[in-house]
There are 2 protein chains.
Amino acid sequence: MKIQQAATLSELPVKTVRYYDEIELVSPDRQDNGYRFYSDKDIEKLRFLGRARSLGFSLEDCRQLLSLYEDKNRASSEVKSIAESKILEIEAKLIELQSLRDTLTKLADSCSGDERPDCPILEGLAGN
Amino acid sequence: MKIQQAATLSELPVKTVRYYDEIELVSPDRQDNGYRFYSDKDIEKLRFLGRARSLGFSLEDCRQLLSLYEDKNRASSEVKSIAESKILEIEAKLIELQSLRDTLTKLADSCSGDERPDCPILEGLAGN
DNA sequence: TCTTGACCTTCCAGTTACTGGAGAGATTAT
DNA sequence: ATAATCTCTCCAGTAACTGGAAGGTCAAGA
């Protein structure tokens, strides 16, 4: 499929999709007319990139994560160690996100009564 | 306290702390010699910024979130609606992070037996 | 007192990850 | 046939830092 459909399916701007080709993160085949031609697998990679980027992973992180699924010659033990270190990062992010959510929930609840403490829980926001 | 201690306590680079002053996100008082002087409250804001940025919120998101805790004249109902929309964003991120973690866990597990499927779960990676 | 070294300042240039727009060719719709 | 809508590349600009130069401040030691 052409770039616009790829962008639609992956929920990314066309510009961004083109950029990911430029930096060789997702490099589609080309048609005879020079148009990029995206496969279903390319779309999956793009969708993955959209998710991982919105979760605060850098493009280099993403490149590493994608490579886990691509490089068939890589030793399993290496794949495992990269995956495990990423899992640790993700679990740290999960904890922070949960605490951020709890803090905001408290704040929203305190608004229900339409009475809000002077400076509600900035301490909470700053983390434990 | 001076900028280096602020950076240490907030676990941010000095450069970044200075940058947040420049864009008026966290603007400390100045001492007579021109040095920035950070209060405990400034540190809390910086710590919050470090967390929120690593979770994929833009600086403008952060500015909005910080303003929830600052603008005492804002109507409670408005605070509540901003907080609630941010909570929705956070919960979406939580779900994606969990699914990413599960995918990587499966991958790491499949490596244990030192035998990995040809193209393991790229579909899972691309999200449901 | 002088000076060394670790701090602080501003300013300017470079990086990452886009984002917008110009200019030109290809394709599709009427 | 022609207008609208793609697509391409290239170049410039933005967001959020990041590094380095040039210079001011300050506490400790010779």
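Chain letters run A, B, ... following the sequence lines, proteins first, then strands; residues in each count from 1.
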Atom-to-atom span, CG of Leu46(B) to P of dC17(D) - whole angstrom: 12 Å

dC17(D) OP1/OP2 closer than 4.0 Å to side-chain N/O of Tyr20(B): yes

OP1 or OP2 of dC8(C) under 4.0 Å from side-chain N/O of Asn33(B): no

Closest listed nucleotide, where the reference is the side chain of Gln4(B) and the choices are dC8(C), dC10(D), dC18(C): dC8(C)

Candidates Arg51(B), Arg47(B), Arg53(B) - the one meeting salt bridge (charged side-chain N to carboxylate O under 4.0 Å, His left out) with Glu11(B): Arg47(B)

Position toward the 5' end of DNA chain D (nearest nucleotide), Lys2(B) or Glu60(B): Glu60(B)

Atom pair distance, as rounded to whole Å: CZ in Arg53(A) and C1' in dC18(C): 9 Å

Nucleotide of dC17(D), dG20(C), dA17(C) approaching Lys15(A) most closely (side-chain heavy atoms): dG20(C)

Carboxylate-amine/guanidinium proximity below 4.0 Å for Arg30(B) and Asp21(B): yes

Ile23(A) CD1 to dT19(C) P, straight-line distance once rounded to whole Å: 13 Å

Separation of dC6(D) C1' from Gln5(A) CD (nearest whole Å): 13 Å

Closest to side chain of Arg36(A), choosing from dA26(C), dC8(D), dT18(D): dC8(D)

N-O pairing of Lys93(B) and Glu96(B) below 4.0 Å: no

Rounded interatomic separation in angstrom, taking CG from Asp21(B) and P from dT9(C): 9 Å

Nucleotide of dC26(D), dT18(D), dT10(C) approaching Arg18(B) most closely (side-chain heavy atoms): dT10(C)

Phosphate contact (dT9(D) OP1 or OP2) by Arg30(A) side-chain N/O below 4.0 Å: yes

Atom-pair distance (CG on Leu49(A); P on dC18(C)), nearest Å: 9 Å

Closest to the Ile3(B) side chain, choosing from dC17(D), dC8(C), dT9(D): dC8(C)

Side chain of Tyr35(A) - closest among dT18(D), dT9(D), dC6(D): dC6(D)

Value in whole Å for how far the P atom of dC8(D) lies from CG of Asp29(A): 13 Å

Whole angstrom value for the distance that separates P of dT9(C) from CD of Glu22(B): 13 Å

Pair Arg36(B) + Asp29(B): basic N to acidic O under 4.0 Å: no

Short N-O contact, Glu89(A) and Lys86(A), less than 4.0 angstrom: yes

N or O in side chain of Thr16(B) less than 4.0 angstrom from dT18(D) OP1/OP2: yes

